[in-house]
Protein chains: 2
Amino acid sequence: MYSFGEYCIFDGKIKTHKLDLKYPICPIRNILSRFSDKWSLLILAVLYTGKTMRYGEIKKSLPDISQKILTSSLKNLEKYHLIKRKAYAEIPPRVEYSLTETGNSLIPSIQMLITWAENHFEEILRK
Amino acid sequence: MYSFGEYCIFDGKIKTHKLDLKYPICPIRNILSRFSDKWSLLILAVLYTGKTMRYGEIKKSLPDISQKILTSSLKNLEKYHLIKRKAYAEIPPRVEYSLTETGNSLIPSIQMLITWAENHFEEILRK
DNA sequence: CTGTATCCTCGAGGATACTG
DNA sequence: CAGTATCCTCGAGGATACAG
C-alpha cells in the first residue's frame with residue numbers, strides 16, 4: 001500500500017491536471033481525478049457492453065446527457081487514451097467509438113466498484 | 001454484467017441524491033456518485049493506512065484540503081456509513097475517525113483502481 | 001483541537017440554436 | 001448524424017474569521 005501522506009503533498013494542481021514535479025505521483029489525484037466526473041465511468045461501462053458504438057447509440061444509452069457534455073467527455077476519454085474514435089467519410093457522417101486496450105484494462109476495476117455498490121446498496125442508503 | 005441501458009434511464013436525479021422509483025438501481029449513479037468527489041477517496045485511503053485517526057491527523061495527511069471541505073466530506077462519508085466518528089468529551093476536544101465495515105469493504109476496489117492508475121500512468125498521460 | 005459561519009470564485013454541466 | 005457555438009445556472013470547493 002502506498003504512503004498517501006507522501007503522495008498527497010500537492011498544492012492545488014488537481015484542477016489544471018498538471019503534475020507536481022517536486023513530488024512523486026499520487027494516482028488518485030493525477031490519474032483517477034481525470035475520469036471521476038459525472039459521466040466518464042458510465043460512458044466506459046456503456047462502451048464495454050457495446051464493444052463498438054456510434055455516437056447516437058451512446059447517446060441513446062444515456063438519454064439524459066447533453067450533446068455538449070457527451071462530446072466533451074468523449075474527447076476527454078480519447079485524450080487520455082481510454083477510448084478510440086473512428087470517423088468515416090460518409091454522408092451522413094458516421095463515427096464509431098470503442099475502448100482502447102488501456103480503457104479495457106480499467107473495466108475490471110469498474111466492475112468491482114459496481115459489484116461493491118450493489119452489494120452495499122442498503123447499507124449506504126439506510127436511514 | 002449489467003444492462004446499463006436499463007439502469008441508466010434516469011432523469012437528472014443525480015444531483016439531489018434521490019432514487020428513481022420507477023426504474024431499478026444504477027449503482028454508478030446512485031451509489032458511486034456519492035463518493036466520486038475531489039476528496040472522498042483520498043480520505044478513505046488515508047483512513048485505511050491509519051486505521052483510526054484524529055481530525056488533525058487526517059488534515060495533516062491532506063495538507064491542501066480546507067477545514068470546511070474536510071468537515072463536510074467527513075460528514076458525508078459518515079452519513080453513508082463508510083466511516084464512523086467518535087467524539088470524546090475532553091478539553092480540548094478529541095474526535096477519532098475510522099472506517100466502518102462497509103468502508104473497509106470498499107478498500108480493495110480503491111486499491112485496484114490505484115494499482116491500475118499506477119500501471120497505466122504513462123499511457124494515460126503520454127503526449 | 002475541532003469545528004461553524006460567511007462570502008466568494010470558478011468551472012462542470014446544461015439549454016438552445018445552428019452547421020457540414 | 002455528429003457535432004459547434006453561445007449563454008447561463010448552480011453548487012462544489014475555497015478563504016477567512018470566529019467559537020466552544
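- Comparing D37(B) and G56(A) along DNA chain D, the residue whose closest nucleotide (by nearest heavy atom) sits nearer the 5' end is G56(A).
- Residues S73(B) and N76(B) have side chains that never bring a donor and an acceptor to within less than 3.5 angstrom of each other.
- R29(A) has a carboxylate O that lies under 4.0 Å from a charged side-chain N of D64(B), or vice versa, which qualifies the two as a salt bridge.
- Where Y55(B) and S73(A) meet DNA chain C, the nucleotide closest to each residue was compared, and Y55(B) sits on the side nearer the 5' end.
- Atom-to-atom distance recorded for N119(B):CG and I124(B):CD1 is 11.0 Å, nearest 0.5 angstrom.
- Nearest nucleotide to the side chain of T71(A), out of dT2(C), dA2(D), dT4(D): dT4(D).
- Between E90(A) and R94(A), at least one side-chain N (NZ, or NE/NH1/NH2) sits under 4.0 Å from a carboxylate O, which counts as a salt bridge.
- Between the CG atom of L70(A) and the P atom of dT4(D) there is a distance of 11 Å, rounded to whole Å.
- Within the 4.0 Å cut-off from OP1 or OP2 of dG11(D), not a single side-chain nitrogen or oxygen of K38(A) is found.
- Straight-line distance from the CZ atom of R85(A) to the P atom of dG3(D): 5 Å, rounded to whole Å.
- K59(A) places a side-chain N or O within donor-acceptor distance of the main-chain N or O of I65(A), the cut-off being under 3.5 Å.
- Y97(A) comes within 4.0 angstrom of the backbone, heavy atoms only, and of no base.
- The CD-C1' distance, from E90(A) to dG3(D), rounds to 16 Å in whole Å.
- Among dC1(D), dG13(D), dC1(C), the nucleotide with an atom closest to any side-chain atom of R54(A) is dC1(D).
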Which nucleotides of nucleotides 15-20 of chain C have their base under 4.0 Å from a protein heavy atom (B), which only their sugar-phosphate (S), and which neither (-), written as one string 5' to 3'? B-B--B
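- At whole-Å resolution of the value, CD1 in I58(A) and C1' in dC1(D) are 13 Å apart.
- Between I69(A) atom CD1 and dT9(D) atom C1' the separation is 13 Å, expressed in whole Å.
- Summarising the geometry, the separation between NZ on K59(A) and P on dG14(C) is reported as 10 Å, rounded to the nearest angstrom.
- Taking atom CG of L74(B) as the reference point, atom P of dG3(C) lies 8 Å away to the nearest angstrom.
- The aromatic rings of Y97(B) and Y55(B) sit tilted, their planes meeting at an angle between 30° and 60°.
- Within the 4.5 Å cutoff, no side-chain heavy atoms of S61(A) are placed close to those of I58(A).
- Between the CG atom of L62(A) and the P atom of dG13(C) there is a distance of 13 Å, given to the nearest Å.
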